[in-house]
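Only one structure is covered here, and it is reproduced in the block below.
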Amino acid sequence: MFTGIVEAVGQLVARRERPAGELELVVQTPWGPGELASGDSVAVSGVCLTVAALEGSRATFQLAAETLRRTRLGRLAPGSRLNLERALRADGRLGGHIVLGHVDGIGRCRWVRPSGGGVEAGFQVPEELAGLVAVKGSVAVDGVSLTVAGLEPGGFWVALVPYTLQQTTLGDLRPGSEVHLEADVLARYVARQLEVQHALPGGRGTS
(Lines give C-alpha, C1' and ligand atoms only; values in the text may rest on other atoms or scores of the structure.)
Protein backbone atom coordinates (compact mmCIF):
# COMPACT_ATOMS: atom_id res chain seq x y z
CA MET A 1 0.00 0.00 0.00
CA PHE A 2 1.13 3.54 -0.78
CA THR A 3 0.02 7.08 0.03
CA GLY A 4 0.56 8.97 -3.21
CA ILE A 5 3.22 11.15 -1.56
CA VAL A 6 6.12 10.82 -3.99
CA GLU A 7 9.46 10.35 -2.28
CA ALA A 8 11.74 10.94 -5.24
CA VAL A 9 11.94 11.20 -9.00
CA GLY A 10 14.02 8.42 -10.53
CA GLN A 11 15.21 7.84 -14.07
CA LEU A 12 14.84 4.90 -16.41
CA VAL A 13 18.38 3.91 -17.37
CA ALA A 14 17.81 0.68 -19.32
CA ARG A 15 15.13 -1.66 -20.62
CA ARG A 16 15.63 -5.34 -21.42
CA GLU A 17 13.28 -7.54 -23.41
CA ARG A 18 12.44 -10.87 -21.76
CA PRO A 19 10.75 -14.07 -22.98
CA ALA A 20 6.96 -14.35 -23.15
CA GLY A 21 6.51 -10.66 -23.89
CA GLU A 22 7.88 -9.52 -20.53
CA LEU A 23 10.22 -6.60 -19.90
CA GLU A 24 12.82 -5.55 -17.35
CA LEU A 25 13.27 -1.90 -16.41
CA VAL A 26 16.38 -0.64 -14.64
CA VAL A 27 15.65 2.50 -12.65
CA GLN A 28 18.08 4.86 -10.96
CA THR A 29 16.76 5.52 -7.46
CA PRO A 30 18.03 7.63 -4.54
CA TRP A 31 18.12 4.52 -2.33
CA GLY A 32 20.76 1.89 -1.81
CA PRO A 33 21.16 -1.22 0.37
CA GLY A 34 19.61 -0.61 3.76
CA GLU A 35 16.97 1.67 2.24
CA LEU A 36 15.75 -0.67 -0.48
CA ALA A 37 16.08 -4.44 -0.97
CA SER A 38 15.14 -7.15 -3.41
CA GLY A 39 11.51 -8.08 -2.87
CA ASP A 40 10.45 -4.60 -1.77
CA SER A 41 7.42 -2.96 -3.37
CA VAL A 42 7.83 0.40 -5.07
CA ALA A 43 5.21 2.51 -6.82
CA VAL A 44 6.81 3.49 -10.13
CA SER A 45 4.75 6.35 -11.54
CA GLY A 46 1.79 4.82 -9.76
CA VAL A 47 2.40 1.18 -10.72
CA CYS A 48 3.19 -1.22 -7.88
CA LEU A 49 6.32 -3.16 -8.87
CA THR A 50 8.65 -5.51 -7.02
CA VAL A 51 12.40 -4.96 -6.86
CA ALA A 52 13.86 -8.02 -8.61
CA ALA A 53 17.48 -6.97 -8.12
CA LEU A 54 19.41 -4.07 -6.63
CA GLU A 55 22.86 -2.98 -7.76
CA GLY A 56 23.94 0.03 -5.74
CA SER A 57 21.07 2.45 -6.16
CA ARG A 58 19.82 0.94 -9.42
CA ALA A 59 16.72 -1.21 -9.07
CA THR A 60 15.57 -3.76 -11.62
CA PHE A 61 11.84 -4.36 -12.02
CA GLN A 62 10.25 -7.15 -14.03
CA LEU A 63 7.04 -6.28 -15.87
CA ALA A 64 4.61 -9.02 -16.87
CA ALA A 65 2.65 -8.85 -20.11
CA GLU A 66 -0.49 -7.81 -18.18
CA THR A 67 1.33 -4.84 -16.63
CA LEU A 68 2.60 -3.81 -20.04
CA ARG A 69 -0.92 -4.02 -21.44
CA ARG A 70 -2.51 -1.91 -18.72
CA THR A 71 0.19 0.75 -18.27
CA ARG A 72 2.44 2.94 -20.36
CA LEU A 73 5.67 1.73 -18.76
CA GLY A 74 6.52 -0.43 -21.74
CA ARG A 75 6.50 2.61 -24.02
CA LEU A 76 9.00 4.62 -21.99
CA ALA A 77 12.49 5.23 -23.31
CA PRO A 78 15.71 5.39 -21.28
CA GLY A 79 16.02 8.83 -19.73
CA SER A 80 12.32 9.01 -18.80
CA ARG A 81 11.62 10.44 -15.35
CA LEU A 82 9.57 8.36 -12.93
CA ASN A 83 7.77 9.11 -9.66
CA LEU A 84 8.96 6.74 -6.93
CA GLU A 85 7.40 5.83 -3.59
CA ARG A 86 8.32 2.93 -1.33
CA ALA A 87 5.51 0.96 0.31
CA LEU A 88 4.00 2.51 3.44
CA ARG A 89 5.38 1.23 6.74
CA ALA A 90 2.90 0.19 9.41
CA ASP A 91 4.12 3.07 11.60
CA GLY A 92 4.18 5.59 8.76
CA ARG A 93 1.96 8.61 8.17
CA LEU A 94 -0.84 8.39 5.64
CA GLY A 95 -0.19 11.83 4.22
CA GLY A 96 -2.11 11.46 0.97
CA HIS A 97 -4.76 8.78 0.50
CA ILE A 98 -4.78 4.99 0.21
CA VAL A 99 -3.11 4.11 -3.09
CA LEU A 100 -2.78 0.48 -4.11
CA GLY A 101 -0.55 0.91 -7.14
CA HIS A 102 -3.12 -0.91 -9.29
CA VAL A 103 -3.63 1.34 -12.29
CA ASP A 104 -7.27 1.63 -13.38
CA GLY A 105 -6.52 3.17 -16.74
CA ILE A 106 -4.45 5.54 -18.81
CA GLY A 107 -5.59 9.13 -19.01
CA ARG A 108 -4.43 11.99 -21.17
CA CYS A 109 -3.66 15.58 -20.25
CA ARG A 110 -6.06 17.87 -22.08
CA TRP A 111 -4.79 21.24 -21.00
CA VAL A 112 -2.45 23.06 -18.61
CA ARG A 113 -2.91 26.68 -17.55
CA PRO A 114 -1.16 28.91 -15.01
CA SER A 115 -2.95 29.49 -11.72
CA GLY A 116 -1.30 31.66 -9.10
CA GLY A 117 2.17 30.23 -8.46
CA GLY A 118 1.16 26.80 -9.75
CA VAL A 119 -0.95 25.41 -12.57
CA GLU A 120 -4.29 23.77 -13.21
CA ALA A 121 -4.39 20.69 -15.41
CA GLY A 122 -7.30 18.88 -17.03
CA PHE A 123 -7.35 15.16 -17.83
CA GLN A 124 -9.43 12.94 -20.07
CA VAL A 125 -10.37 9.66 -18.38
CA PRO A 126 -11.50 6.29 -19.77
CA GLU A 127 -15.30 6.06 -19.77
CA GLU A 128 -15.34 3.26 -17.17
CA LEU A 129 -13.56 5.51 -14.64
CA ALA A 130 -15.76 8.58 -14.99
CA GLY A 131 -18.17 7.44 -12.28
CA LEU A 132 -15.34 6.88 -9.78
CA VAL A 133 -14.11 10.48 -9.86
CA ALA A 134 -15.84 13.06 -7.68
CA VAL A 135 -15.24 16.72 -6.85
CA LYS A 136 -13.12 16.99 -3.68
CA GLY A 137 -12.43 13.27 -3.93
CA SER A 138 -8.97 11.73 -4.27
CA VAL A 139 -7.28 10.43 -7.40
CA ALA A 140 -3.73 9.25 -8.09
CA VAL A 141 -2.15 10.66 -11.25
CA ASP A 142 1.14 8.93 -12.09
CA GLY A 143 1.26 7.90 -8.44
CA VAL A 144 0.68 11.42 -7.05
CA SER A 145 -2.20 11.84 -4.61
CA LEU A 146 -4.36 14.74 -5.80
CA THR A 147 -7.72 16.25 -4.96
CA VAL A 148 -10.20 16.61 -7.80
CA ALA A 149 -10.93 20.32 -8.14
CA GLY A 150 -13.66 19.99 -10.74
CA LEU A 151 -15.31 17.81 -13.35
CA GLU A 152 -15.71 18.41 -17.06
CA PRO A 153 -17.23 16.26 -19.82
CA GLY A 154 -15.16 13.09 -20.05
CA GLY A 155 -12.67 14.10 -17.39
CA PHE A 156 -11.62 16.20 -14.42
CA TRP A 157 -9.14 18.86 -13.45
CA VAL A 158 -6.77 19.44 -10.54
CA ALA A 159 -4.74 22.28 -9.09
CA LEU A 160 -0.99 21.65 -8.78
CA VAL A 161 1.02 23.71 -6.30
CA PRO A 162 4.66 24.67 -6.99
CA TYR A 163 6.00 21.98 -4.61
CA THR A 164 4.22 19.23 -6.53
CA LEU A 165 5.47 20.60 -9.84
CA GLN A 166 9.05 20.69 -8.55
CA GLN A 167 9.11 17.36 -6.69
CA THR A 168 7.23 15.10 -9.14
CA THR A 169 7.07 14.48 -12.88
CA LEU A 170 3.78 16.40 -13.07
CA GLY A 171 5.87 19.48 -13.71
CA ASP A 172 6.55 17.93 -17.15
CA LEU A 173 2.85 17.75 -18.08
CA ARG A 174 1.91 18.96 -21.54
CA PRO A 175 -1.33 18.60 -23.50
CA GLY A 176 -1.34 15.08 -24.86
CA SER A 177 0.81 13.61 -22.07
CA GLU A 178 -0.33 10.14 -21.00
CA VAL A 179 -0.69 9.45 -17.27
CA HIS A 180 -1.58 6.50 -15.07
CA LEU A 181 -4.86 6.94 -13.20
CA GLU A 182 -5.99 5.15 -10.06
CA ALA A 183 -9.37 5.97 -8.60
CA ASP A 184 -9.89 6.19 -4.85
CA VAL A 185 -10.25 2.62 -3.59
CA LEU A 186 -13.18 3.67 -1.40
CA ALA A 187 -15.04 4.93 -4.46
CA ARG A 188 -14.32 1.65 -6.20
CA TYR A 189 -15.79 -0.40 -3.35
CA VAL A 190 -18.88 1.81 -3.11
CA ALA A 191 -19.45 1.47 -6.85
CA ARG A 192 -19.09 -2.31 -6.64
CA GLN A 193 -21.50 -2.53 -3.70
CA LEU A 194 -24.10 -0.51 -5.60
CA GLU A 195 -23.60 -2.75 -8.61
CA VAL A 196 -24.19 -5.88 -6.50
CA GLN A 197 -27.27 -4.40 -4.80
CA HIS A 198 -28.65 -3.41 -8.19
CA ALA A 199 -28.35 -7.02 -9.39
CA LEU A 200 -29.99 -8.60 -6.32
CA PRO A 201 -33.63 -9.76 -6.47
CA GLY A 202 -35.75 -6.76 -5.57
CA GLY A 203 -32.98 -4.33 -6.46
CA ARG A 204 -33.54 -1.49 -8.85
CA GLY A 205 -33.57 -2.57 -12.46
CA THR A 206 -34.83 -6.09 -11.65
CA SER A 207 -38.27 -7.45 -12.46
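Bear in mind that the values here come from a model prediction, so they are computed numbers and not experimental data.
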**Request:** Evaluate the side-chain proximity of T29 to V42: yes if any heavy-atom separation is below 4.5 Å, no if none is.
**Result:** no

**Asked** Within the side chain of N83, is there an N or O that forms a donor-acceptor pair under 3.5 Å with the backbone of T168?
**Response** no

**Prompt:** D142 versus H180: any side-chain heavy-atom pair under 4.5 Å?
**Reply:** yes

**Prompt:** Of the non-hydrogen atoms in S145 and H97, which two are nearest, and what is the gap between them?
**Reply:** OG-ND1, 2.7 Å

**Asked** How long is the gap from CG on L94 to CD1 on I5, to the nearest 0.5 Å?
**Response** 8.5 Å

**Message:** Hydrophobic cluster membership, with links at side-chain heavy-atom distances under 4.5 Å among I/L/V/M/F/W/Y: are L73 and L84 in one?
**Reply:** yes

**Asked** Going from OG on S41 to CG on L88, what distance comes out if it is rounded to the nearest 0.5 angstrom?
**Response** 11.5 Å

**Verdict with reasoning, V9 to R81, per side chain to side chain contact (heavy atoms under 4.5 Å, CB included)** = CA-CA 6 Å; V9 174; R81 291 171 9 109; 3.7 Å; yes

**Cluster check W157, V141: I/L/V/M/F/W/Y, side chain < 4.5 angstrom** = no

**Verify same cluster id: V144, F2 (apolar side-chain graph, 4.5 Å)** = no

**Message:** Let me check something: do L173 and Y163 share a hydrophobic cluster, defined by ILVMFWY side-chain heavy atoms less than 4.5 Å apart, either directly or through other members?
**Reply:** no

For residues 47-63, which side-chain donor-acceptor pairs fall under 3.5 Å, sequence neighbours excluded?
{"unit_1": "S57", "atom_1": "OG", "unit_2": "Q28", "atom_2": "NE2", "d": "2.5"}
{"unit_1": "R58", "atom_1": "NE", "unit_2": "Q28", "atom_2": "OE1", "d": "3.0"}
{"unit_1": "Q62", "atom_1": "NE2", "unit_2": "E24", "atom_2": "OE2", "d": "3.2"}

**Prompt:** T3 and V99: which non-hydrogen atoms are nearest, and at how many Å?
**Reply:** C-CG2, 3.8 Å

**Prompt:** Hey, are the side chains of F156 and L151 touching, using non-hydrogen atoms and a 4.5 Å cut-off?
**Reply:** yes

**Message:** Considering only residues two or more places apart or on different chains, which pairs with a residue in residues 145-167 satisfy salt bridge (Lys or Arg N to Asp or Glu O under 4.0 Å)?
**Reply:** R110-E152

**Heavy atoms of other groups near R89 CZ, more than 12 under 6.0 Å** = no

**Message:** To the nearest 0.5 Å, what is the distance between CG on L23 and CZ on R75?
**Reply:** 12.5 Å

**Item:** Heavy-atom pair with the smallest gap, counting every atom of G117 and P162
**Value:** O-CG, 3.2 Å

**Request:** Considering non-hydrogen atoms only, spot the tightest contact between R72 and V179 and give its length.
**Result:** NE-CA, 3.8 Å

**Fill in**
All heavy atoms of L25 vs all of R15, minimum pair found to be CD2-CB, 3.8 Å

**Message:** Looking at E128, I'd like to know if its CD atom is crowded, meaning that more than 12 non-hydrogen atoms belonging to other residues, nucleotides or ligands lie closer than 6.0 Å.
**Reply:** yes

**Message:** For the CZ atom of R108 and the CG atom of L181, what is their distance to the nearest 0.5 Å?
**Reply:** 11.5 Å

**L165 reachable from V112 in the ILVMFWY side-chain graph, under 4.5 Å edges** = yes

**Request:** May I ask you to decide if I106's main-chain N or O and E178's side chain share a donor-acceptor pair within less than 3.5 Å?
**Result:** no

**Message:** Please give me the minimum heavy-atom distance between W31 and A8, naming the atom from each residue.
**Reply:** CZ2-CB, 4.4 Å

**Request:** Give a yes or no answer on whether the side chain of Q167 reaches the backbone of V6 with a donor-acceptor pair at less than 3.5 Å.
**Result:** no

Under 3.5 Å, side-chain donor or acceptor atoms of residues 118-126 against the rest of the protein: list the pairs with distances, not counting sequence neighbours.
{"unit_1": "E120", "atom_1": "OE1", "unit_2": "R113", "atom_2": "NE", "d": "2.8"}
{"unit_1": "E120", "atom_1": "OE1", "unit_2": "R113", "atom_2": "NH2", "d": "3.2"}
{"unit_1": "E120", "atom_1": "OE2", "unit_2": "S115", "atom_2": "OG", "d": "3.4"}

